[in-house]
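Report on the structure given below.
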There are 4 protein chains.
Amino acid sequence: MKKNKPKYNQIIEAAVEVIAENGYHASQVSKIAKKAGVADGTIYLYFKNKEDILVSLFEVKMGQFIEQIAQSINEKQHVSDKLYALIEMHFRQFAKDHHLAVVTQLELRQSNSELRWKINEVLKPYLSEIDLVIKEGIDDGSFRGDLNLPLVRQMIFGTLDEVVTNWVMNEQRYNLLAQASAVHALIINGLSVKE
Amino acid sequence: MKKNKPKYNQIIEAAVEVIAENGYHASQVSKIAKKAGVADGTIYLYFKNKEDILVSLFEVKMGQFIEQIAQSINEKQHVSDKLYALIEMHFRQFAKDHHLAVVTQLELRQSNSELRWKINEVLKPYLSEIDLVIKEGIDDGSFRGDLNLPLVRQMIFGTLDEVVTNWVMNEQRYNLLAQASAVHALIINGLSVKE
Amino acid sequence: MKKNKPKYNQIIEAAVEVIAENGYHASQVSKIAKKAGVADGTIYLYFKNKEDILVSLFEVKMGQFIEQIAQSINEKQHVSDKLYALIEMHFRQFAKDHHLAVVTQLELRQSNSELRWKINEVLKPYLSEIDLVIKEGIDDGSFRGDLNLPLVRQMIFGTLDEVVTNWVMNEQRYNLLAQASAVHALIINGLSVKE
Amino acid sequence: MKKNKPKYNQIIEAAVEVIAENGYHASQVSKIAKKAGVADGTIYLYFKNKEDILVSLFEVKMGQFIEQIAQSINEKQHVSDKLYALIEMHFRQFAKDHHLAVVTQLELRQSNSELRWKINEVLKPYLSEIDLVIKEGIDDGSFRGDLNLPLVRQMIFGTLDEVVTNWVMNEQRYNLLAQASAVHALIINGLSVKE
DNA sequence: GATGAATGAGACTTCATTCAT
DNA sequence: TATGAATGAAGTCTCATTCAT
């Protein structure tokens, strides 16, 4: 399997660095090859084309990302803790890997619609994780029974995504992780005053 | 003032249509000129360069967009109604103008970082509108006093943006406007069960 | 006759200034029109096209230039003095009008071959003046009888032209006029030691 | 080193031909590529941009040109013979390569000021060769001691340049080489009658 | 005569991908 | 496997000229 070959990962890592440093449009295949220490042509022994590098990059990185989150969720008993774990790990991973944060929040969004469709596919398992938490909360009575599942998922993902993007666009000048509990409270309680 | 000249608006409208139909990267200046019914060179009498068309497009359309929302908010007395008006008008306007929805939610995000910075500038008045509503809610006791203003703004905007993007990516197959009240409830109450 | 109309000369003078200040390739018709204080279209009431402005500019300016030299020559009796007058007036006029020097020595040479042919036509009366002096010198025994007329003319014109071009390219940092007598000596006597 | 690669020279030669045949402004990169038998993009593996082709062309060709002249001068003992060799080789080389003559005397002068500055740099070694001959003549008493070196250089170069340009503009209808001895005599003796 | 908004042809350069070695 | 020289399609913008007013 190609993915075990060292050059495959070399190229993926090189792509993340090159895109984070140069931006999406200035990241030519030749630049990625150079950073990876291989010839331009070698790229095409491991990837179908440039888009395939990007999709693979997203697959690999997001696979790990989601894996971490799923694991973190599974360690918790209560739904509220699970939701917190999800938020915390989402932030924690981007806080730890600034390159990845820049690439996923800013640069990869400059890709064309076709690539963004594939990226959405990669995100599906993450969205399913979110769904599981919501469903569990509804089932055990922690969350209201009348919640519209896709909508809640969109609220949660949209919020996390926007918070991370803001952090990235502000050049990561503040502590992203410190926001986790406030975001958690907001999602659980909304804006209104509780009795 | 240039903006009163008919060709200026002709070109803006043509750009929205061309980008919505062909996608960002396949929208050559010559295509926009043709759709607008002017010569290629005429574009450059009204816009500095291609990017300037896109920024201007966003400025004009978002200016109207925000204006509509602000007006709608001002007609309401209570904060909860204002927030609802904001959500409803956000959805209503994209539901009414599918071309614009595609352009703002998908195509314009493919632009380079410089353009995205300018787009962010255009969005600022909208974010200020959101802030005003939140502040009012806090002041009159409708919302909790310990809310983190930027975070709440990010939650609201992130949620609306994600909901609209999902609707666009699903080819607008369902009624976006119908989601307004559920989204409103979610933002006000969060996920938890109220006493 | 067009040439008596004030705008004709306004445009010529504007062209000299614009070309001297901006260089040949950055001298758009619109820039010349603006400097002349007329509308772009007005240019075409007085000149057939852009090339016609340049040729006319050269005709007018060189006509005056040659006229001055011819007059100066005619005031002299002896051939050697006539040659000196020619050299001196050639230098004097460029020294007096730096704009014109830049335009004729540098900028107008960037024109295409067709225009340069026409410019050569304009120069012919000047070359004839040179010829007259040489012929007179041969006839009265001041100059050798075996001189090849076109060659001598080319030497004289080539030398003057190169001296002026060097002065212009050195940003006119030295006194061009002061070179006249040395140039005159060089042309009359050559390099060799006289007995 | 790039200059040893065959395509480098192929492109240079093609450029000389294309410019000589079509004129400077009608010499598109695509035309040069076609004549050189390479793809358009290949040009940019060997040259930074179009101007770089022209500068390199001039460097290579003038390098050889000057080399030939320097060699020819060195074979002579007496200063007068050296000056003759310089003139003779100057003419001989252009007479042998009509394309090059057209390109250097007419077409390359249409380039913008920046390029012409670079061209002047390339010419400097040639001007130095001329200087050496003049100095030697002054030192050994063949030439007058009061000669102004830069002025003499300008006279010699200006004369040769003008003679060649005239020959080119007359479509090379006469024997350029045959002029060498008359030009030599003119430079050495000037116009005056020697005792 | 005078205006100036509109026209539209034309070319340099980049970069993803290939293929002979 | 690995290389990297070569390919060639494709698009933005300028500016001389026109013509309706």
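In what follows, chains carry the letters A, B, and so on, assigned in the order in which the sequence lines appear, proteins first and then strands, with residues in each chain numbered from 1. Atom set for the values below is all heavy atoms of this structure, side chains included, hydrogens, waters and symmetry mates excluded.
- In this structure, C:Ile53 places its CD1 atom 14 Å from P of F:dC15, rounding to the nearest Å.
- Taking atom CG of residue B:Asn22 and atom P of nucleotide F:dG11, one finds them 11 Å apart after rounding to whole Å.
- Rounded to the nearest 0.5 Å, atoms NZ (A:Lys50) and CD (A:Gln28) are 6.5 Å apart.
- In this structure, the separation between OG on C:Ser56 and NZ on C:Lys48 is 8.5 Å, given to the nearest 0.5 Å.
- To the nearest angstrom, C1' of E:dT13 lies 18 Å from OH of D:Tyr46.
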Distances for protein N or O near nucleotides 17-21 of chain E N or O, under 3.5 Å:
unit_1: E:dT17; atom_1: OP2; unit_2: A:Tyr44; atom_2: OH; d: 2.9
unit_1: E:dT17; atom_1: OP2; unit_2: A:Lys50; atom_2: N; d: 2.9

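- Atom CD1 of C:Ile11 and atom P of E:dA2 are 9 Å apart (whole Å).
- Using modelled atom types, no side-chain atom of A:Thr42 and backbone atom of A:Val38 make a donor-acceptor pair closer than 3.5 Å.
- Side-chain polar atoms of D:Glu107 and D:Gln110 form a donor-acceptor pair below 3.5 angstrom.
- One can place CZ of C:Phe47 at 15 Å from P of F:dA16, the figure rounded to the nearest angstrom.
- C:Glu51 is linked by a side-chain hydrogen bond (donor to acceptor under 3.5 Å, both in side chains) to C:Lys118, counting only residues two or more places apart in sequence or in another chain.
- In terms of position on DNA chain F, the residue among D:Val38 and B:Ala26 whose nearest nucleotide sits closer to the 5' end is D:Val38.
- F:dT14 atom P lies 17 Å from atom NE2 of D:His25, rounded to whole Å.
- Rounded to a whole Å, the CG atom of D:Asp52 is 14 Å from the P atom of E:dC12.
- Taking the ring-ring contact (aromatic ring centres under 6.0 Å, His included) definition, one finds that D:His99 meets it with nothing, sequence neighbours left out.
- Note on C:Lys34: nothing from the nucleic acid sits closer than 4.0 angstrom, heavy atoms only.
- To the nearest angstrom, P of E:dG4 lies 17 Å from NZ of B:Lys7.
- With sequence neighbours excluded, the residues forming a ring-ring contact (aromatic ring centres under 6.0 Å, His included) with B:His25 are A:His25, listed by chain and number.
- Both B:Gly37 and C:Gly37 lie close to DNA chain E; mapped to their nearest nucleotides by heavy-atom distance, the more 5′-ward contact belongs to C:Gly37.
- Stem analysis of DNA chain F (at least three stacked-register Watson-Crick or G-U pairs, each with both distances under 3.5 Å) gives E:2-21 with F:2-21.
- Ranked by how close their nearest DNA chain F nucleotide is to the 5' end, D:Ile43 and A:Thr42 are led by A:Thr42.
- For C:Lys31 and F:dC15, the shortest distance from a side-chain N or O to OP1 or OP2 is not below 4.0 Å.
- Picking from F:dC15, F:dT3, F:dG11 the nucleotide with the shortest atom distance to the side chain of B:Gln28 gives F:dG11.
- Every ring-ring contact (aromatic ring centres under 6.0 Å, His included) that C:Phe94 has, sequence neighbours left out, goes to C:Phe65, C:His90.
- Going from atom OG1 of C:Thr104 over to atom CG of C:Asp97 covers 9.0 Å, rounded to the nearest 0.5 Å.
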